[in-house]
Every structure is written in structure tokens, then in C-alpha cells.
Amino acid sequence: MHGPDSLDPDREKRYALLFSQLDSNRDGRVDINELREGLQALGMTPCHNAEQEILRAGDTDQDGQLDFEEFTHYLEERERRLLIMFNSLDRNNDGQIDISEIQECFHGLGIHITLAQAKKVLQSMDRDGTLTIDWLEWRDHFLLNPLHNMEDVITYWKHSSMLDIGESLAVPDEFSKKEIRSGMWWKQLLAGGVAGAVSRTGTAPLDRLKVLMQVHGSQGLSILRGLRVMIEEGGVRSLWRGNGINVIKIAPESAIKFMAYEQIKKLIRGQHETLRVRERFIAGSLAGAIAQTAIYPMEVLKTRMALRRTGQYSGMSDCARQILRNEGVRAFFKGYIPNLLGIVPYAGIDLAVYETLKNTWLQRYRSSTSADPGVLVLLACGTVSSTCGQIASYPLALVRTRMQAQASVQGSPQLSMVALFRHIVAREGFLGLYRGIAPNFMKVIPAVSISYVVYENMKRLLGVTSR
């Protein structure tokens with residue numbers, strides 16, 4: 001067993017130097033802004049809201065600042081925690097953590113990784129390239145990173161940002177048993193649901209424009225002309241047609257997908273908490289298929305409401321009644337097959353691209369930063385992977401929308417999925433399968449931005465700890 005005192009006799013000098021680097025105005029106190037700026041200046045990338053966590057833990061007199069005594073006490077307690085974590089990992093008590101011990105730690109938490117994956121984790125902390133981590137490397141890496149146990153370290157990359165860009169095919173987020181027992185899961189889902197509702201409402205005009213271009217794009221409907229047609233036909237409020245049902249379906253879809261995912265995960269992995277990437281793809285695709293099957297009539301209603309003319313329906317219930325009376329129950333499942341098939345390329349490519357970007361980041365920056373990718377990296381990885389998934393599944397999404405809309409568009413042929421594919425390619429060419437993708441891409445950045453801001457504020461409101 002190793003102790004911080006025996007391995008670092010100059011600890012007080014080190015604390016004093018670190019305090020002076022953070023105390024930019026030299027007033028003998030460090031506030032939250034100095035902590036934030038100081039951590040950046042030191043080249044550290046701690047977990048999100050690290051400065052708030054450090055201040056909350058160290059500010060014993062609750063004056064919103066840390067004096068040197070409080071700072072020293074915080075670091076002493078922090079090193080004691082880190083030492084416990086280090087010794088628990090150092091199974092053979094040789095004073096170093098190697099790749100096999102990293103792998104054993106993950107396995108102990110129900111996360112099965114290969115030696116190559118364990119090597120990547122180790123390299124994110126290994127400063128001298130020895131492929132082992134000694135106490136000093138471990139201490140310096142996590143000293144100002146307020147993680148409490150190894151589960152916190154491992155879950156850096158476990159959670160997605162739960163951002164909503166209006167698509168329903170993404171693999172659901174994964175929660176540990178601890179988070180489920182504590183009620184964290186429903187707070188995360190609620191925060192994500194509210195963020196999704198605000199995000200979808202903010203980008204609803206672009207979403208409705210996408211639907212119109214998917215259905216009427218062969219008539220030469222451009223982005224500007226489409227917006228002009230919508231406003232001239234129904235006024236500015238018409239830009240939000242179909243948004244009500246799009247927001248309402250968030251709650252049942254998220255709940256069904258979460259419950260289905262948890263049950264499928266148990267069937268695949270038994271008592272092990274976390275799934276491998278390929279298993280996440282399988283479980284996520286199946287959960288998505290179950291959720292989409294349950295709420296699919298709402299998808300048809302959304303398309304019909306988005307395409308409706310002024311005065312055609314008095315509301316969602318009237319729209320549902322007219323469809324049932326004129327077309328029968330089967331109309332509520334038009335386009336179901338291409339929608340189901342679209343889950344596989346979307347979820348598969350989304351996960352594959354995300355994992356590739358994540359591993360590339362870890363390999364490139366492993367020696368200079370912490371294991372935490374930071375908010376911007378997570379947003380970028382999630383946005384790029386989701387966009388790639390959309391590109392792959394978009395032709396199926398377009399065919400689905402056309403099939404949903406067939407009966408409501410005058411003169412539109414009633415075709416099956418395969419026949420409709422052939423019809424579109426024959427009349428509009430291969431690019432006809434991508435009509436409406438421009439407004440779909442245009443809404444990604446505002447949707448991500450709105451969703452993230454609302455999601456973070458909802459988590460704070462609900463008391464969800466930021467990682």
C-alpha cells in the first residue's frame with residue numbers, strides 16, 4: 001500500500017504552487033471563475049462542471065471561494081480518495097497499474113472490454129509511455145477531476161448527451177443499476193423529453209418543410225418556395241402544423257424504448273450491466289422497433305397533419321377519425337415496413353461512427369488530456385454520427401413518408417414499398433430519394449444547440465449531477 005505523504009514529501013509546496021496558478025488576481029482566494037479559467041490554463045479537461053463540484057466540496061465556510069486552507073484540505077481529502085481507488089486497481093501491489101488490471105476493473109463493473117480497449121484507457125493517463133500508471137500519474141491525472149469512484153471514470157463515454165434532433169431511430173441511452181435504483185433514469189429521460197419538445201418546436205418549420213419536399217419535391221418545390229407556399233396558404237402559424245403530435249409522441253416512445261431496451265439487455269447479458277457496441281446495436285434496434293410499432297399511428301398522424309390544408313381537419317382527433325372512416329385501420333400503418341428497415345442502417349452507422357470518433361479522440365489526445373472528452377467533443381461526435389445515420393436511412397424515410405401521405409395527395413398512385421422505390425428512381429432519378437434532406441440538415445445545428453441548453457438546465461432543475 002502506498003500513501004501520498006510517503007511518495008511526495010514536497011506536497012505543501014506543490015499545493016502552494018497549484019493554488020498560486022489558480023489565484024489569478026492574487027487575493028488569496030480562488031472563486032469559480034478562477035477555477036474554470038485556471039483549469040483551462042493548466043491544460044486540464046476535467047469532467048463537466050468540475051469547478052462547481054470542487055467549490056461545493058471544498059468551500060467549508062460557504063462564501064463562494066476557496067482560501068488556501070480550504071484548498072489544501074480539499075486536495076488532501078481528494079488524494080486520500082484517489083489512493084483508495086489506485087490501491088483497489090493495483091491488484092498485485094507493485095505500485096503500478098497495467099493493462100490487465102484496467103481490464104479486470106472494467107470486468108468487475110460488468111463491462112467486458114478487450115486488452116486493446118484497456119490499452120486505450122491506460123494510454124489516456126500514461127505520460128511516460130511505459131504502458132503502466134504509477135501513483136504520481138494517477139494522482140496528477142485525477143487530482144482536480146472530482147470523480148468519486150471507478151464507476152464514474154468508466155461512465156465518461158457510457159452516456160450519450162441525449163440530444164433530440166427530431167429523429168426517432170437512435171439507440172436509447174444506457175443506465176446502470178445504481179442510476180435506476182436512485183431514480184436518476186427518469187430524471188434523465190424527463191430532462192431529455194423536455195429538451196426534445198423545445199428543440200422540435202424550435203425547428204418545426206424546417207421539419208414541416210422537409211415533409212412537404214419529400215412528398216411534393218418532384219413539383220420543383222425549393223426551400224424558399226416551400227416556405228412561401230406554407231405562409232401564403234395558412235399564415236405563419238401553419239409553419240408549425242404537425243408539431244403538436246410530434247411533441248406528444250416523445251413521452252410514450254421514450255418510455256417504451258427504455259423499458260424494452262432494459263428487458264432486451266437482460267436477455268442478452270444476464271446480470272452484466274453494460275453491453276458491448278454490437279450488443280447495444282442489437283438491443284437498441286429491437287427496442288426501437290418495439291417503440292416504433294407501438295406509436296407508429298402517431299407517425300402517420302404527424303405526416304397527415306403536416307400536409308393538411310387550412311380547414312381540412314379541426315385537430316388531431318378529427319384527423320384520426322377521418323383516416324379511420326375513409327381508409328380503415330390499415331392506413332395507420334402505411335409505411336411501417338420502410339420505417340422499420342430504416343432503424344438498422346441508422347442505429348448501426350450512428351453507433352459505428354460514434355465509436356470510431358470516440359476512439360480517434362482518445363488515441364490522439366490521450367497523453368495531454370483526461371479521459372473526459374468534454375461537452376464540445378461529445379456534441380460533435382453525436383452530431384456527426386447522427387448525420388451519417390440519417391444519410392444512410394434517408395431513402396427509406398422518404399419512402400415511408402410518401403406511403404403515409406399517398407391517400408391524402410390527389411392523383412398519387414397507391415404503391416407498395418418496392419414499387420414506390422422504382423417509381424421514384426424512374427421518374428426523379430437516384431437523387432429523388434434524397435428530396436428534403438437539405439432542410440433536414442439545416443435543423444441539426446439549431447436542434448442540437450437548443451436541446452443541449454434546455455437539457456442541461458432541466459438536469460440542474462431536477463438535481464441531476466452533471467458528469
Side-chain angles (χ1 to χ4, degrees), residues 166-172 200 207-208 210-216 241-261 263-264 284-309 312-313 315-347 389-390 392-424 433 435-436 440:
E167 303 300 324
S168 305
L169 306 180
V171 172
R200 293 185 185 197
D207 193 63
R208 188 186 178 213
K210 176 193 73 175
V211 173
L212 289 178
M213 291 181 72
Q214 285 178 330
V215 176
H216 301 297
R241 282 180 185 168
N243 182 59
I245 190 72
N246 199 30
V247 169
I248 290 171
K249 71 185 181 72
I250 291 174
E253 184 176 19
S254 298
I256 294 168
K257 189 184 288 187
F258 167 72
M259 289 186 289
Y261 186 77
Q263 293 305 311
I264 295 167
S285 296
L286 289 173
I290 292 169
Q292 283 286 295
T293 301
I295 60 96
Y296 192 76
M298 300 176 80
E299 293 280 359
V300 176
L301 281 176
K302 176 206 163 191
T303 299
R304 295 292 182 91
M305 293 293 285
L307 293 170
R308 81 182 192 271
R309 299 179 302 278
Q312 184 176 1
Y313 307 122
M316 284 181 280
S317 57
D318 182 49
C319 177
R321 278 195 299 270
Q322 289 197 38
I323 293 173
L324 184 61
R325 183 173 62 248
N326 299 327
E327 305 169 51
V329 175
R330 291 184 64 183
F332 288 104
F333 287 90
K334 285 187 175 179
Y336 172 74
I337 298 300
N339 183 71
L340 210 60
L341 294 176
I343 292 173
V344 175
Y346 185 96
Q390 287 183 61
S393 63
Y394 194 83
L396 287 163
L398 181 137
V399 169
R400 174 202 67 194
T401 303
R402 293 244 182 133
M403 291 181 73
Q404 291 172 340
Q406 280 177 347
S408 66
V409 178
Q410 192 172 9
S412 176
Q414 304 296 301
L415 302 174
S416 66
M417 179 184 73
V418 176
L420 188 54
F421 258 112
R422 291 172 177 168
H423 179 78
I424 293 170
L433 295 171
R435 292 196 184 277
N440 203 47

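None of the values given here were measured: they were computed from a predicted structure.
Partners of Glu327 according to the side chain to side chain donor-acceptor pair (under 3.5 Å) rule, which considers only residues two or more places apart in sequence or in another chain, are Arg304. A search for ring-ring contact (aromatic ring centres under 6.0 Å, His included) contacts involving Tyr394 returns Tyr434, not counting sequence neighbours. By the ring-ring contact (aromatic ring centres under 6.0 Å, His included) test, Tyr313 pairs with no residue at all, sequence neighbours left out.
Aromatic ring orientation, Tyr296 versus Tyr336: perpendicular (interplanar angle above 60°, classes split at 30° and 60°).
You'll find the side chain of Arg308 stays beyond 4.5 Å of the side chain of Cys319, heavy atoms only. Looking only at side-chain heavy atoms (C-beta outward), Leu398 and Phe421 stay at 4.5 Å or farther from each other. Looking at Leu301 and Ile323, their side chains come closer than 4.5 Å, going by heavy atoms from C-beta outward.
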Item checked: Worked check of salt bridge (charged side-chain N to carboxylate O under 4.0 Å, His left out) between Asp207 and Lys302 -> CA-CA 11 Å; Asp207 193 63; Lys302 176 206 163 191; 3.1 Å; yes
Next item on the list: Step by step, work out the side-chain contact (heavy atoms from CB on, under 4.5 Å) result for Arg400 and Gln404.
Entry: CA-CA 6 Å; Arg400 174 202 67 194; Gln404 291 172 340; 3.7 Å; yes
Next item on the list: Apply side-chain contact (heavy atoms from CB on, under 4.5 Å) to Ile424 and Arg402, showing your working.
Entry: CA-CA 10 Å; Ile424 293 170; Arg402 293 244 182 133; 3.4 Å; yes
Next item on the list: Apply side-chain contact (heavy atoms from CB on, under 4.5 Å) to the pair Ile290 and Tyr261, showing each step before the final yes or no.
Entry: CA-CA 9 Å; Ile290 292 169; Tyr261 186 77; over 6 Å; no
Next item on the list: Would you check, one step at a time, whether the test side-chain contact (heavy atoms from CB on, under 4.5 Å) holds for Lys210 with Met213?
Entry: CA-CA 5 Å; Lys210 176 193 73 175; Met213 291 181 72; 5.9 Å; no
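Of all the heavy atoms in Ala291 and Ile256, the pair that sits closest is CA-CG2, 3.7 Å.
Under 3.5 Å, the side chains of Gln292 and Asn339 contain a donor-acceptor pair of N or O atoms.
The local environment of CZ in Arg325 is crowded, with over 12 non-hydrogen atoms from other residues, nucleotides or ligands closer than 6.0 Å.
Interatomic distance, OG of Ser408 versus CG of Asn326, reported as 11.5 Å (0.5 Å rounding).
The backbone N or O of Gln312 sits less than 3.5 Å from a side-chain atom of Gln322, completing a donor-acceptor pair.
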